[in-house]
There are 2 protein chains.
Amino acid sequence: MRKITIEDVAKAAGVSRALVSIAYRGVAGVSESTRDHIFEVGKRLGYVPNLNAARLASKDIRTVGVFLQDLHNEVFADVFDGIRQVIDETEIQIVLAVGSSAPGHDSKALDTLIAARVGVIIAAGLTMADSDLKRYAKRTKIVSVTRKLEGVSSVVADDYAGAMLATKHLLAMGHTRIAFLANPQTDGYLDRQRGYLDAMSGAGVAPIVQPSSYVRMEAEVDAATLLKAEKPTAVFAHNDLSALGVLDAVLSAGLRPGADVAVVGYDNTSLSQTPVLALTTVDPHSHDLGREAAKLALELLGADVSPKTVVLEPQLIVRASSTKSLETKSGRPEGRPLI
Amino acid sequence: MRKITIEDVAKAAGVSRALVSIAYRGVAGVSESTRDHIFEVGKRLGYVPNLNAARLASKDIRTVGVFLQDLHNEVFADVFDGIRQVIDETEIQIVLAVGSSAPGHDSKALDTLIAARVGVIIAAGLTMADSDLKRYAKRTKIVSVTRKLEGVSSVVADDYAGAMLATKHLLAMGHTRIAFLANPQTDGYLDRQRGYLDAMSGAGVAPIVQPSSYVRMEAEVDAATLLKAEKPTAVFAHNDLSALGVLDAVLSAGLRPGADVAVVGYDNTSLSQTPVLALTTVDPHSHDLGREAAKLALELLGADVSPKTVVLEPQLIVRASSTKSLETKSGRPEGRPLI
DNA sequence: TTGTAGGCGTTATCAT
DNA sequence: ATGATAACGCCTACAA
């Protein structure tokens, strides 16, 4: 089955290749009648434009590249939904590249996007070093999502403020032994930790920081260590996935989440929204981050806009996992306790 | 900053374009010394091969397209990991396209892949009609994952057997009022329901089927309806995400999962593995499905292999959510009860 | 091992 | 509104 090309359609429709191209791109320059005719012929022949040829020939790129750090973390699915919602309203195409929980995978993914000659890259969750990211930004237009860097257009939630909210919530609940389960210190995401530290010192309470990772199982182990060594009455995890690990550790220790140990996550993934887990968390509005990033990317695509940063206000979502008074079994509007 | 091309590298290195091409493709035909020299020059100039041009020019495609139904369902992340593990060992590129929980999105995604002229498509979780899928299979080489269809190469777990295992497990636990929370009847995935039905009729027990969807929130509502109307002592959900909804509904009804109502899911996503949820489920070995699919795709890429079907044996994973005897608070090897 | 030249399927510029 | 014709950057025989 030979691939049919624009020429086949042109010949069959009795017009030039140029007209077929114009018709399929949806730009002005064809009469309605011939356009309809071209489409009819094209459909009959089963013509599908060759994107490779199109991208090679076209000057102004009609493609945005999207990088997502990890498909196992639903945050990135939320971000992607936002991106797609905006992009789908245009004629622009998306090329997707994904990393993994392993570091170093992200520069490989960016390389793929660059090799595809996308007009702009929306990168969500980069963990490469600042210097590397800046080097990439020099070669290509980049919109960084969730990761802020001077000189690079970025769309972020105010993680510092979000972490403040979460920590202050725990302080207000009367906790004094509040631990922070941290992400790797080298990944460029330290605002949550800073917010926690400043909220703690602002209240004159000693901080407890337990280093951990992005993997739930490791978070569980680290949380178990933490519980045994520090006996905190509250744990604030750097994201929802890790918070799940904390819940596990709390249960394993024979304690009751929400009652004996308050647990707070970050991201407001659908996981935390589940009544079974009822995880108190901070909502960075991931979907909106994606939307904003896409809008910014579209601007970038058109012209050379100077770097811009969009910051969204996070929101604290209080659920049963951090609410001691909720330890009874009675029904409640915002979720249910675990125990 | 003008994009630098293969010609720039050739000129700077004092060789022909062909040699540079050969060098970068990693095929035989260059002396080691000149290859090193070419790479050195290329790196200095910041040369990145243009994939669009490469794909346009090359006869034998070095690209596989991957379609994933829904980024919000971790099963597809597992499948993708398996695919990538195999593909990453080759020089072959992956082009990714994703659908959504909304139907009809998948044919659009496949179109993108076809437009990118990938050599073969690995499609995980297609929900289009059989007839549509067959039509696509006529135009392009397709490996269907999780969805089996005659005449199309596919890699699947034996869902019928898996559902049998799950249902028989519940029967063995002494349940007689076992309900099945079903996926949409139009999506091409009915084996799980068939397995359930046959296991039930085999035991001479009346089945209870509650239609539902892929969205957790809807599953929760449907499960609530089910609990009230049928008062089942066990619910087998078509996948883990829906099972989570069932857990929610059970708790909302003031019942205890595992003790009052046994809950079983399907997929063995990391969600179900979490001790907090401790969800009994069926493991379709998603990662292996991805691996097998990738291997098959690589074969297809090389030659015109006739359609082949790979079937993996699923495995029942028993956890606390379906084990009545686990309703105490004592420690246990496989997870912990919810209550 | 190295170089030459034609072609891949579009887009874009310039006429008409 | 339509058509002719260079690019676009790379691959691939083929020749040397």
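Note on naming: letters A, B, ... go to the chains in the order of the sequence lines (proteins, then strands), and numbering restarts at 1 for each one.
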Q: Any salt bridge between A:Lys108 and A:Asp111, counting N to O under 4.0 Å?
A: no
Q: B:Ala57 side chain: which of C:dT2, D:dC11, D:dT2 is closest?
A: D:dC11
Q: Round to the nearest Å and state the distance from B:Ile6 atom CD1 to D:dA7 atom P.
A: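 Those two atoms, CD1 and P, are 19 Å apart.
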Q: Is the shortest side-chain N/O distance from B:Ser58 to OP1 or OP2 of D:dC10 below 4.0 Å?
A: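 B:Ser58 to D:dC10 OP1/OP2: no side-chain N or O under 4.0 Å.
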Q: Quickly, which of A:Ile6, A:Ile22, A:Thr5 forms a side chain to side chain contact (heavy atoms under 4.5 Å, CB included) with A:Arg17? Name it, please.
A: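 Result for side chain to side chain contact (heavy atoms under 4.5 Å, CB included) with A:Arg17: A:Ile6.
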Q: Counting the atoms with a prime plus P, OP1 and OP2 as sugar-phosphate, which does B:Ala54 contact under 4.0 Å by heavy atoms, base, sugar-phosphate, or nothing?
A: sugar-phosphate
Q: Could you pick out which residue, A:Pro49 or B:Arg17, lies toward the 5' side of DNA chain C when each is mapped onto its nearest nucleotide?
A: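 The answer here is B:Arg17.
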Q: Charged N to carboxylate O below 4.0 Å: is that the case for A:Lys148 and A:Asp130?
A: no
Q: In whole angstrom, give the distance that lies between atom CD1 of B:Ile22 and atom C1' of D:dC11.
A: 10 Å
Q: Tell me which of B:Arg25 and A:Ser31 sits closer to the 5' end of DNA chain D, going by the nucleotide each one is nearest to.
A: A:Ser31
Q: Below 4.0 angstrom from OP1 or OP2 of D:dG9, is there any side-chain N or O of B:Thr5?
A: no
Q: Can you tell if the side chain of B:Ile142 reaches within under 4.5 Å of the side chain of B:Val120, non-hydrogen atoms only?
A: no
Q: For a quick check of understanding: with a heavy-atom distance under 4.0 Å over all strands, which category does A:Arg62 fall into, base, sugar-phosphate or nothing?
A: sugar-phosphate
Q: Quick one: is D:dC11 close enough that its OP1 or OP2 comes under 4.0 Å of any side-chain N or O from B:Ser21?
A: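 Result: yes.
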Q: Could you tell me whether B:Leu19 contacts a base, only the sugar-phosphate backbone, or nothing, with contacts defined as non-hydrogen atoms closer than 4.0 Å?
A: sugar-phosphate
Q: Counting the atoms with a prime plus P, OP1 and OP2 as sugar-phosphate, which does B:Val20 contact under 4.0 Å by heavy atoms, base, sugar-phosphate, or nothing?
A: nothing
Q: Charged N to carboxylate O below 4.0 Å: is that the case for A:Asp8 and A:Lys11?
A: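 Here A:Asp8 does not pair with A:Lys11 in a salt bridge, since their nearest N and O are not under 4.0 Å apart.
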Q: State whether A:Thr34 places a side-chain N or O below 4.0 Å from either non-bridging phosphate oxygen (OP1 or OP2) of D:dA1.
A: no
Q: Taking only side-chain N and O atoms of A:Tyr47, does any of them lie within less than 4.0 angstrom of OP1 or OP2 on C:dT10?
A: yes
Q: Looking only at side-chain N and O atoms, does A:Arg55 come under 4.0 Å of OP1 or OP2 in D:dG9?
A: no
